[in-house]
There are 2 protein chains.
Amino acid sequence: MNQNIERISRILINNNIKPSFQRIKILEYLLENKKHPTVDEIYVSLHPEIPTLSKTTIYNTLNLFLESGIVRALNIESSESRYDPITDQHGHFKCDHCGSVYDFPVNFENIKSNKFLEGYEVKEKDVILKGICKHCKEN
Amino acid sequence: MNQNIERISRILINNNIKPSFQRIKILEYLLENKKHPTVDEIYVSLHPEIPTLSKTTIYNTLNLFLESGIVRALNIESSESRYDPITDQHGHFKCDHCGSVYDFPVNFENIKSNKFLEGYEVKEKDVILKGICKHCKEN
DNA sequence: AAATAAAAATGTAACAATTACAAAAAAAGT
DNA sequence: ACTTTTTTTGTAATTGTTACATTTTTATTT
Ligand SMILES: [Mn+2]
Ligand SMILES: [Mn+2]
Ligand SMILES: [Zn+2]
Ligand SMILES: [Zn+2]
């Protein structure tokens with residue numbers, strides 16, 4: 001566990017972010033449960049352990065993480081953002097039934113090598129699918 | 001112009017939506033300027049011509065259109081939804097500089113035929129790119 | 001170690017997109 | 001013409017997010 005905190009601290013330091021207790025805990029939460037949580041989900045999960053934690057701190061911290069590129073924001077639903085510590089290219093499947101957000105690999109070359117996109121500078125890519133997940137279909 | 005209203009009325013009637021003045025105008029706006037507007041952009045554009053128009057009506061109408069599937073909602077930014085009367089599969093490119101949202105064709109077969117998605121029922125698909133558009137790059 | 005300065009966390013208020021709800025207006029049916 | 005139903009409207013409530021001032025923590029200097 002202490003090893004884990006060491007590892008997470010190093011990620012922050014490498015990105016010029018001072019490894020405060022809250023920042024470590026928030027990044028740890030993202031990395032341990034790769035569930036693409038919302039701010040509220042992070043808050044509800046960490047609050048029992050850190051009763052003084054403020055939602056503003058979560059917002060501040062995530063925005064800080066976004067700027068240095070150690071997390072990605074996902075706009076799957078219009079209502080609220082989700083956060084993903086895996087920044088390598090991949091797609092997302094959101095289950096309408098259980099609410100889970102699954103990762104899946106995507107070959108972006110097919111998408112980028114498109115006549116219509118010649119001359120366009122692509123910085124961000126997102127593939128979002130919605131439907132019913134395998135697990136929910138089996139019940 | 002009258003022809004146009006006839007055509008739009010028929011779309012609504014075919015989807016069991018009574019073609020009121022407001023509904024016709026909102027759908028007409030979506031179909032004429034294929035700019036993936038936000039609710040506010042629709043409101044600002046139509047308000048001069050229809051001073052009594054209420055934003056609530058625009059929300060009600062778009063939700064009605066969504067239910068019958070004659071428009072699609074896009075969650076490109078987290079802050080607000082955009083609306084698209086073209087429901088055939090295609091991708092979207094949002095320019096960070098000028099704010100335009102461009103359509104481009106996407107081959108979804110590559111994405112769907114994915115081992116990781118076997119057993120998953122896909123109902124909605126979205127491909128969203130962000131960056132700088134050709135037009136802005138040339139300036 | 002005490003004092004000072006800088007950075008981070010917190011709580012509250014402000015904001016903005018969206019929905020809920022009730023009243024007014026318009027349309028349809030009798 | 002009267003009644004009922006549908007649609008539109010305005011206002012208030014809700015909710016995710018940001019702004020801002022204050023408090024707390026951490027780092028630096030004396
Ligand atoms: Mn992911
Ligand atoms: Mn489109
Ligand atoms: Zn599911
Ligand atoms: Zn542009």
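Throughout, a chain's letter reflects where its sequence line sits, starting with A, and its residues are numbered from 1. What you are looking at is a predicted structure, and each value in this text was computed from that prediction instead of being measured.
- In the hydrophobic clustering of this structure, B:Ile8 groups with B:Leu53; members are Ile, Leu, Val, Met, Phe, Trp, Tyr whose side-chain heavy atoms approach within less than 4.5 Å, directly or through other members.
- Between A:Arg82 and A:Glu41, at least one side-chain N (NZ, or NE/NH1/NH2) sits under 4.0 Å from a carboxylate O, which counts as a salt bridge.
- Nucleotide C:dA7 holds its C1' atom 12 Å from the CG atom of A:Leu64, rounded to whole Å.
- Closest non-hydrogen pair, B:Asn75 versus B:Ser81, comes out as OD1-OG, 3.5 Å.
- In this structure, the CG atom of A:Asn75 is 15 Å from the P atom of C:dA17, given to the nearest Å.
- The distance between atom CG of B:Leu62 and atom C1' of C:dT19, rounded to the nearest whole Å, is 14 Å.
- If you measure from atom CZ of B:Arg23 to atom C1' of D:dT8, you get 9 Å, rounded to the nearest angstrom.
- For B:Gln22 and C:dA27, the CD to P distance is 9 Å, given to the nearest whole Å.
- A salt bridge between B:Lys94 and A:Glu124 is absent, with no side-chain N of the basic residue lying under 4.0 Å from a carboxylate O of the acidic one.
- With respect to the salt-bridge test (charged N to carboxylate O, under 4.0 angstrom), the residues A:Asp126 and B:Lys130 do not qualify.
- Side-chain rings of A:Tyr102 and B:Tyr120 approach one another, their centers coming within less than 6.0 Å.
- Distance B:Ile50 CD1 to C:dA25 C1': 16 Å, rounded to the nearest Å.
- The distance between atom NZ of B:Lys25 and atom C1' of D:dT7, rounded to the nearest whole Å, is 18 Å.
- Under 4.0 Å is where a charged nitrogen must lie from a carboxylate oxygen, and between A:Lys34 and A:Asp103 no such pair does.
- Among the atoms of the strands shown, only primed sugar atoms or phosphate atoms (P, OP1, OP2) are found under 4.0 Å from some heavy atom of B:Thr52.
- We find that NE2 of A:His47 is positioned 10 Å from P of C:dT10, with the value rounded to whole Å.
- Checking B:Arg72, B:His36, B:Lys35 one by one against B:Asp84, the side-chain hydrogen bond (donor to acceptor under 3.5 Å, both in side chains) holds for a single residue, B:His36.
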**Asked** What string of B, S and - do you get for nucleotides 15-28 of chain D, 5' to 3', when a contact is any protein heavy atom under 4.0 Å?
**Response** -SBBB---------
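- Non-hydrogen atoms lying under 4.0 Å from DNA chain C are contributed by nothing in residues 93-101 of chain B.
- At C:dA9, none of the side-chain N or O atoms of A:Ser54 fall inside 4.0 Å of OP1 or OP2 (strictly under the cut-off).
- In this structure, the side chains of B:Ile76 and B:Val101 come closer than 4.5 Å at one or more pairs of heavy atoms.
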